[in-house]
Amino acid sequence: MFHLNLPVRTLVILGICQFGRRGLASAPEVRDQPKKIAIVGAGIGGTAAAYFLRQEFGAGVKIDVFEAGAVGGRLATESIAGGEYETGGSVIHPLNLHMKHFVDKLGLNPRKDVPSKLAIFDGKELMFEESDWFIVNILKLIWRYGLNFLRMYIWVEGILDKFMRIYQYQQFGYAFSSVDRLLHAMGGDAFLTLANQTLEEAMMGEGFSQSFLNDIVAPVARVNYGQSVRINGFVGAVSLAGADAGLWAVDGGNKRVCSGLLYHTKAELIKARVTAIAVKHRPSKMGNSVNLYEVSYVSESGSAHSLYDIVILATPLHQGLSDISFVGFSPPLPSHFPGRYQQTVTTLVHGLLNVSFLGSSADPAHFLFSDILTTEHKPLAINSLSSLDPVSIPADYARPPASRPAVWKVFSAQPLTQEQLAAMFLRWDAVSERRWLAYPAYSPPHRATPPFQLHERLYYLSGVEWAASAMEMSAISARNLALLAHHCWHGHTAKVDQEDLHTRLRGEL
Ligand SMILES: Cc1cc2nc3c(=O)[nH]c(=O)nc-3n(C[C@H](O)[C@H](O)[C@H](O)COP(=O)(O)OP(=O)(O)OC[C@H]3O[C@@H](n4cnc5c(N)ncnc54)[C@H](O)[C@@H]3O)c2cc1C
Ligand SMILES: *[C@@H]1O[C@H](CO)[C@@H](O)[C@H](O)[C@H]1NC(C)=O
Ligand SMILES: *[C@@H]1O[C@H](CO)[C@@H](O)[C@H](O)[C@H]1NC(C)=O
């Protein structure tokens with residue numbers, strides 16, 4: 001059973017959708033559907049938005065997706081040594097329900113699992129080596145860190161439990177007008193505090209030890225976000241969940257989800273760079289004025305522009321990532337929001353690892369670690385080093401030991417020099433480098449995240465990355481925007497920014 005809104009809350013909500021109401025003065029109960037929707041960006045965020053918008057608005061609306069680069073965005077693969085390998089977003093958590101749904105819906109498969117083995121390098125030696133024996137690992141960890149490890153697991157599970165609430169809210173059609181409200185709906189004030197603290201503060205506050213943070217938590221933050229335990233606690237928890245068991249990837253490459261969603265949605269892909277978005281006032285049949293958005297873009301065949309009812313920006317509005325001018329908005333909208341994205345360089349190397357670089361005296365033929373994380377104990381040029389499996393696993397596949405040439409993936413903040421490569425590899429025959437402006441440079445306390453709605457029917461998907469950047473976060477944001485756009489179009493304000501959903505929906509599923 002749902003309660004009615006408190007008057008104050010209603011006012012706040014009206015503030016959000018009111019433009020839409022004023023703009024469309026025809027009979028409010030049977031509003032026309034929008035005719036054209038533009039999405040800027042064909043990464044997982046933009047293509048998921050196309051999918052969910054199609055779900056909300058039906059087959060009649062034309063959906064155009066603009067992409068300046070390659071479909072997939074930060075989900076991308078590279079060919080090296082005769083195989084194809086992920087260079088961007090690579091692993092998906094077993095509880096990322098939207099990603100799971102897409103893969104099922106599109107008839108894709110999870111990639112065959114290859115067991116992995118982890119080690120942690122402190123700049124001198126491997127200070128932790130995972131054993132094939134579960135019980136040995138547990139004993140090692142208890143010996144060194146007491147119950148910190150078990151407690152971390154419980155702490156992350158507790159956060160994940162709350163995180164999972166979003167799926168129920170979205171299934172019931174609820175949307176949120178800002179990232180902070182979305183976080184609050186999931187985990188109350190505790191989630192906002194988490195996002196406004198460093199991971200270190202949050203975990204120290206929970207009683208975790210400094211050595212556990214340095215030895216275990218920091219390496220995970222380094223491999224996942226190229227940053228330290230000073231990232232915000234929320235993205236930190238997401239990152240630690242990314243060290244859970246059962247992580248998976250899409251067979252054939254994660255970016256296949258993006259092209260699959262475009263195809264499934266019957267959206268039109270326009271290979272062009274959007275340069276400007278302008279508000280245009282058009283008189284409506286009813287005599288008042290309607291706002292439309294004029295999207296200007298440049299493609300190989302020149303520049304053009306087109307009018308849309310709704311526009312979704314599914315790319316970060318930050319320096320180096322997109323450069324869109326907003327024309328005629330009042331108050332004005334900046335091309336770039338505050339905060340910066342940080343570089344992570346992915347280097348794929350096909351070659352022979354020098355295990356002595358890792359201070360290991362093991363016989364390379366028995367060196368089988370697939371993931372080597374690093375600590376901050378000594379300044380290191382690399383954030384992590386992994387033996388990479390191809391996007392499709394052949395039937396007879398076994399990951400090669402370090403004595404045989406393999407494809408290694410190195411994450412670093414700066415491009416690797418020849419000297420740095422020579423220190424890590426005995427020899428190599430192929431190198432491929434990809435420089436990403438990968439994710440926000442997180443430094444809490446966090447400033448207010450940008451709203452999901454920038455103007456009456458202009459929505460911004462990527463602000464969610466300031467809470468945490470991950471494929472699933474973009475997908476959650478996409479679903480939220482589709483619901484928000486639908487509710488605002490139809491004036492269903494009671495489905496926006498509701499409080500206490502968790503209590504109210506209890507028992508509904
Ligand atoms: C190295 C690396 C490792 C990662 N590892 C993981 C991981 O293991 N698991 C995980 O969940 N996440 C991971 N991530 C994060 C994840 O990849 C991203 O959060 C996610 O892919 C973002 O998707 P998006 O669609 O929101 O943005 P993007 O993928 O960045 O898509 C935006 C698109 O918009 C396009 N665009 C920009 N401006 C314009 C314009 N003006 N006109 C037209 N098009 C434009 C861009 O070309 C781009 O394709 C990783 C990221 C990186 C870089
Ligand atoms: C391998 O690494 C070790 C330790 O850094 C170094 O002393 C050695 O010279 C390297 N071997 C080769 C062949 O480069
Ligand atoms: C974040 O924390 C700072 C203090 O560190 C505080 O001033 C600020 O109000 C907090 N912001 C939010 C959104 O909670």
Side-chain angles (χ1 to χ4, degrees), residues 38-49 64-76 86-93 96 98-99 124-125 223-226 235 238-239 241-243 247-249 254-255 257-258 261 269-277 295-299 312-318 320-325 335 341-347 352-361 364 383-384 386 409 411-412 419 421-427 434-440 460-465 468-478:
I39 297 173
V40 184
I44 187 63
T47 56
D64 289 346
V65 181
F66 293 90
E67 175 53 61
V71 170
R74 275 171 278 168
L75 306 184
E86 298 282 359
T87 62
S90 57
V91 294
I92 305 169
H93 191 274
N96 285 172
H98 287 324
M99 289 304 293
K124 246 179 70 202
E125 58 181 5
V223 67
N224 283 332
Y225 289 104
V235 71
V238 166
S239 160
L247 300 179
W248 58 286
N254 295 327
K255 68 178 183 188
V257 174
C258 303
L261 287 172
L269 175 65
I270 301 178
K271 297 197 162 218
R273 174 171 299 281
V274 170
T275 51
I277 296 173
V295 174
S296 303
Y297 54 96
V298 182
S299 70
I312 310 279
L313 296 164
T315 172
L317 297 175
H318 288 274
L321 285 161
S322 64
D323 211 356
I324 300 169
S325 352
S335 290
Y341 270 57
Q342 129 155 355
Q343 176 171 273
T344 285
V345 182
T346 305
T347 310
L352 264 188
L353 184 72
N354 178 0
V355 297
S356 311
F357 166 75
L358 300 169
S360 170
S361 50
N383 288 334
S384 64
S386 344
K409 176 171 80 175
F411 279 155
S412 55
E419 293 72 43
L421 278 174
M424 278 183 273
F425 296 95
L426 298 172
R427 54 188 159 83
R434 178 85 200 235
R435 300 180 192 186
W436 297 106
L437 278 176
Y439 5 65
Y460 181 42
L461 184 138
S462 311
V464 81
E465 287 188 61
S469 171
M471 296 173 226
E472 186 71 6
M473 293 302 289
S474 289
I476 286 173
S477 187

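Both ligands and their constituent atoms are indexed starting at 1 by order of listing.
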Evaluation steps, side chain to side chain contact (heavy atoms under 4.5 Å, CB included), between Val257 and Leu75
CA-CA 9 Å; Val257 174; Leu75 306 184; 5.7 Å; no

Asn254 and Met471: CA distance, side-chain angles, deciding distance, side chain to side chain contact (heavy atoms under 4.5 Å, CB included) verdict:
CA-CA 10 Å; Asn254 295 327; Met471 296 173 226; 3.8 Å; yes

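Taking 4.5 Å as the limit, some side-chain heavy atom of Phe425 sits within range of a side-chain heavy atom of Leu353. At a threshold of 4.5 Å between non-hydrogen side-chain atoms, the residues Leu313 and Ile324 count as touching. Looking at heavy atoms from C-beta onward, Val295 lies out of side-chain contact with Asp64 at the 4.5 angstrom threshold. Residues Val91 and Trp248 fail the side-chain proximity criterion, which asks for heavy atoms closer than 4.5 Å.
In this structure, Ser477 contributes its side chain and Leu461 its backbone to a donor-acceptor pair below 3.5 Å. In terms of modelled atom types and a separation under 3.5 Å, the side chain of Ser462 and the main chain of Thr315 share a donor-acceptor contact.
Within 4.0 Å of ligand 2, protein heavy atoms belong to Asn354, Ser356, Phe357, Leu426, listed by chain and number.
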Which protein N or O atoms sit under 3.5 Å from any N or O of ligand 1? Give atom names and distances.
from: ligand 1; atom 1: 8 (O); to: Ser90; atom 2: N; distance (Å): 3.1
from: ligand 1; atom 1: 8 (O); to: Val91; atom 2: N; distance (Å): 2.9
from: ligand 1; atom 1: 9 (N); to: Val91; atom 2: O; distance (Å): 2.8
from: ligand 1; atom 1: 11 (O); to: Met471; atom 2: N; distance (Å): 2.9
from: ligand 1; atom 1: 19 (O); to: Ser469; atom 2: OG; distance (Å): 3.0
from: ligand 1; atom 1: 19 (O); to: Ala470; atom 2: N; distance (Å): 3.3
from: ligand 1; atom 1: 25 (O); to: Ile44; atom 2: N; distance (Å): 3.1
from: ligand 1; atom 1: 25 (O); to: Gly45; atom 2: N; distance (Å): 2.7
from: ligand 1; atom 1: 26 (O); to: Ser474; atom 2: OG; distance (Å): 2.8
from: ligand 1; atom 1: 27 (O); to: Arg74; atom 2: NH2; distance (Å): 3.1
from: ligand 1; atom 1: 29 (O); to: Arg74; atom 2: N; distance (Å): 2.8
from: ligand 1; atom 1: 30 (O); to: Arg74; atom 2: NE; distance (Å): 2.8
from: ligand 1; atom 1: 30 (O); to: Arg74; atom 2: NH2; distance (Å): 3.1
from: ligand 1; atom 1: 41 (N); to: Val274; atom 2: O; distance (Å): 3.0
from: ligand 1; atom 1: 42 (N); to: Val274; atom 2: N; distance (Å): 2.9
from: ligand 1; atom 1: 44 (N); to: Ala68; atom 2: N; distance (Å): 3.1
from: ligand 1; atom 1: 47 (O); to: Glu67; atom 2: OE2; distance (Å): 2.5
from: ligand 1; atom 1: 49 (O); to: Glu67; atom 2: OE1; distance (Å): 2.7
from: ligand 1; atom 1: 49 (O); to: Glu67; atom 2: OE2; distance (Å): 3.0

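Ring planes of Tyr225 and Tyr439: perpendicular class, angle over 60° (limits at 30 and 60°).
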